[in-house]
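The next block holds one structure in the form of structure tokens; read it before the comments.
Side chains are part of it too, since the values below use all heavy atoms of this structure and drop only hydrogens, waters and symmetry mates.
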There are 2 protein chains.
Amino acid sequence: MNTDNTKSQMRKGMLEYCIMLLLHRQSCYANDIIQRLREAEMIVMEGTLYPLLSRLKNDGLLGYEWRESTQGPPRKYYTLTADGEEALRQLDASWEEISRTVNFLKQ
Amino acid sequence: MNTDNTKSQMRKGMLEYCIMLLLHRQSCYANDIIQRLREAEMIVMEGTLYPLLSRLKNDGLLGYEWRESTQGPPRKYYTLTADGEEALRQLDASWEEISRTVNFLKQ
DNA sequence: TTATAGTACCTTGCGATACAAGGTATTATA
DNA sequence: TATAATACCTTGTATCGCAAGGTACTATAA
């Protein structure tokens with residue numbers, strides 16, 4: 001029984017949405033995001049996150065700026081662009097639709 | 001902006017769960033499932049559904065039986081097995097967890 | 001009887017993406 | 001000066017949804 005696989009599949013598509021929800025509230029750099037999503041019980045790997053952030057940036061949904069750190073190398077802080085905020089609103093709607101679907105099917 | 005792509009990604013992982021929710025209530029054959037999920041606003045393609053049903057059957061989560069049709073060729077009706085019911089309960093828990101995560105991130 | 005349309009099942013090839021593993025660069029500390 | 005810690009990124013693999021194409025059976029019309 002591969003429930004773990006299905007479970008991870010269920011979480012897969014939600015990742016972008018969750019990351020955008022996070023960035024809607026505050027700018028973050030990669031390790032911030034990993035940390036905060038872990039607190040929200042969603043595990044993300046570095047190898048997943050970096051390409052995903054690049055993808056969203058190339059799509060114009062995210063921007064970033066370098067900030068110095070007192071602890072090590074500089075950090076790349078990502079922020080939602082106006083297009084990103086608009087996309088997030090559409091994803092909010094998609095999430096609502098999925099919720100409705102599941103609740104409908106659960107009767 | 002590829003919101004459609006992200007939206008479809010969001011739905012991706014939910015498909016198995018939704019199909020199992022459906023089969024929990026009644027046995028269905030493929031076109032039944034496509035029809036009923038469409039009513040629940042979740043679009044599924046044949047090329048997606050058939051391999052998915054085979055996968056779940058091979059994992060022992062679904063069984064099937066052939067039934068004659070008055071309208072054409074016989075139909076393959078799928079039903080949740082006991083293992084399938086158990087897996088569904090675990091997916092219910094995963095869905096609850098994802099809901100909590102999203103609501104937590106939405107504040 | 002034969003041809004056509006409808007229904008139902010399945011497979012192949014492609015693209016997208018999460019993840020594991022490995023790599024590079026910068027900074028602080030021993 | 002060497003090591004550890006932090007931070008960024010890339011490559012290779014496996015999975016999976018989807019579009020397109022294919023086979024088979026049944027009913028209907030010519």
Side-chain angles (χ1 to χ4, degrees), chain A residues 2-20 27-38 42-59 61-62 64-78 91 94 98 101, chain B residues 1-20 27-38 42-59 61-62 64-78 91 94 98:
Chain A
N2 63 344
T3 308
D4 284 347
N5 185 19
T6 305
K7 182 176 172 178
S8 107
Q9 281 295 318
M10 281 178 66
R11 283 179 6 206
K12 260 192 187 182
M14 306 304 302
L15 252 186
E16 271 188 36
Y17 180 44
C18 288
I19 287 168
M20 288 175 73
S27 298
C28 293
Y29 75 107
N31 283 12
D32 264 350
I33 295 175
I34 290 171
Q35 185 75 28
R36 290 180 193 282
L37 286 186
R38 191 186 309 274
M42 171 147 314
I43 307 301
V44 201
M45 300 293 114
E46 277 197 337
T48 302
L49 185 56
Y50 282 105
L52 194 160
L53 291 172
S54 295
R55 215 161 51 236
L56 294 179
K57 185 208 61 175
N58 291 335
D59 288 347
L61 306 185
L62 299 185
Y64 68 84
E65 61 174 16
W66 288 98
R67 293 189 205 158
E68 295 294 327
S69 162
T70 58
Q71 303 280 350
R75 298 163 174 175
K76 215 170 175 178
Y77 278 80
Y78 283 91
L91 292 181
S94 298
I98 288 176
T101 294
Chain B
M1 176 151 33
N2 62 344
T3 307
D4 284 347
N5 187 18
T6 304
K7 182 176 172 178
S8 106
Q9 281 294 318
M10 281 179 66
R11 283 179 5 205
K12 257 192 187 184
M14 307 304 304
L15 251 186
E16 271 188 35
Y17 180 44
C18 288
I19 287 168
M20 290 174 71
S27 299
C28 294
Y29 74 106
N31 283 10
D32 264 351
I33 295 176
I34 290 171
Q35 185 76 28
R36 290 181 193 280
L37 286 186
R38 192 187 307 274
M42 170 147 317
I43 306 302
V44 200
M45 300 292 113
E46 277 197 338
T48 300
L49 185 56
Y50 282 106
L52 194 159
L53 291 172
S54 295
R55 217 161 49 236
L56 293 179
K57 185 209 59 175
N58 291 335
D59 288 347
L61 306 185
L62 298 184
Y64 68 83
E65 60 173 18
W66 289 97
R67 293 189 205 159
E68 297 294 327
S69 163
T70 58
Q71 303 282 348
R75 299 163 174 175
K76 215 171 177 178
Y77 277 79
Y78 284 93
L91 292 182
S94 298
I98 288 176

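- Taking atom CE of residue B:M14 and atom P of nucleotide D:dT15, one finds them 21 Å apart after rounding to whole Å.
- Comparing atom distances between the A:E46 side chain and each of C:dT11, C:dC10, D:dC9 picks out D:dC9 as nearest.
- The phosphate of C:dA18 (OP1 or OP2) has no side-chain N or O of A:N5 nearer than 4.0 angstrom.
- In terms of position on DNA chain D, the residue among A:T48 and B:V44 whose nearest nucleotide sits closer to the 5' end is A:T48.
- Partners of B:R75 by side chain to side chain contact (heavy atoms under 4.5 Å, CB included), not counting sequence neighbours, listed by chain and number: B:Y29, B:S69, B:Q71, B:Y77.
- For A:N31, counting side-chain heavy atoms from C-beta on, the closest listed nucleotide (C:dT26, C:dT11, D:dA7) is D:dA7.
- Residue B:R75 places none of its side-chain N or O atoms closer than 4.0 Å to OP1 or OP2 of C:dC9.
- For the atom pair B:L56 CG and B:E16 CD, the distance stands at 5.0 Å (nearest 0.5 Å).
- OP1 or OP2 of D:dC8 has not a single side-chain nitrogen or oxygen of A:Y29 nearer than 4.0 Å.
- At whole-Å resolution of the value, CG in A:L53 and P in C:dC19 are 14 Å apart.
- Scored by the side chain to side chain contact (heavy atoms under 4.5 Å, CB included) test, B:Y64 finds B:K57, B:W66, B:K76, B:Y78 as partners (sequence neighbours excluded).
- Candidate nucleotides C:dA18, C:dT26, D:dC18 were compared by shortest atom distance to the side chain of A:P73, and C:dT26 ranks first.
- Of the side-chain N and O atoms in B:K76, one or more sit less than 4.0 angstrom from OP1 or OP2 of C:dC10.
- The side-chain heavy atoms of A:L53 and A:I33, taken from C-beta on, include a pair separated by under 4.5 Å.
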Q: Please report the C-alpha distance between A:L15 and B:Q9 in whole Å, then the side-chain angles of each, then the deciding distance to 0.1 Å, and finally whether the side chain to side chain contact (heavy atoms under 4.5 Å, CB included) criterion is met.
A: CA-CA 9 Å; A:L15 252 186; B:Q9 281 294 318; over 6 Å; no
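- In this structure, B:W66 atom CH2 and C:dT7 atom P are separated by 17 Å, rounded to whole Å.
- The CG-C1' distance, from B:L49 to D:dC16, rounds to 13 Å in whole Å.
- With rounding to whole Å, B:Y64 atom OH is found 17 Å from C:dA8 atom P.
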Q: Please test A:R67 against A:S27 for side chain to side chain contact (heavy atoms under 4.5 Å, CB included), starting from the C-alpha separation and ending with a verdict.
A: CA-CA 11 Å; A:R67 293 189 205 158; A:S27 298; 3.7 Å; yes
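- As rounded to whole Å, 13 Å separates atom P of D:dT10 from atom CZ of A:R55.
- A straight line from OH of A:Y78 to C1' of D:dA7 spans 12 Å, rounded to a whole angstrom.
- The residue among A:S69 and A:G47 whose nearest nucleotide of DNA chain C lies closer to the 5′ end is A:G47.
- Close to D:dC16, at under 4.0 Å from its OP1 or OP2, lies no side-chain N or O of B:R11.
- Residue B:Y50 places its side chain closer to C:dT11 than to any other of C:dT11, D:dG17, D:dC8.
- A:Q71 places its CD atom 23 Å from the P atom of C:dA25, with the value rounded to the nearest Å.
- Nearest-nucleotide assignment on DNA chain C puts the 5′-proximal partner with A:L15, out of A:L15 and A:E68.
- Within the 4.0 angstrom heavy-atom criterion, only backbone atoms of the sugar-phosphate kind lie near A:Q9; the bases stay farther away.
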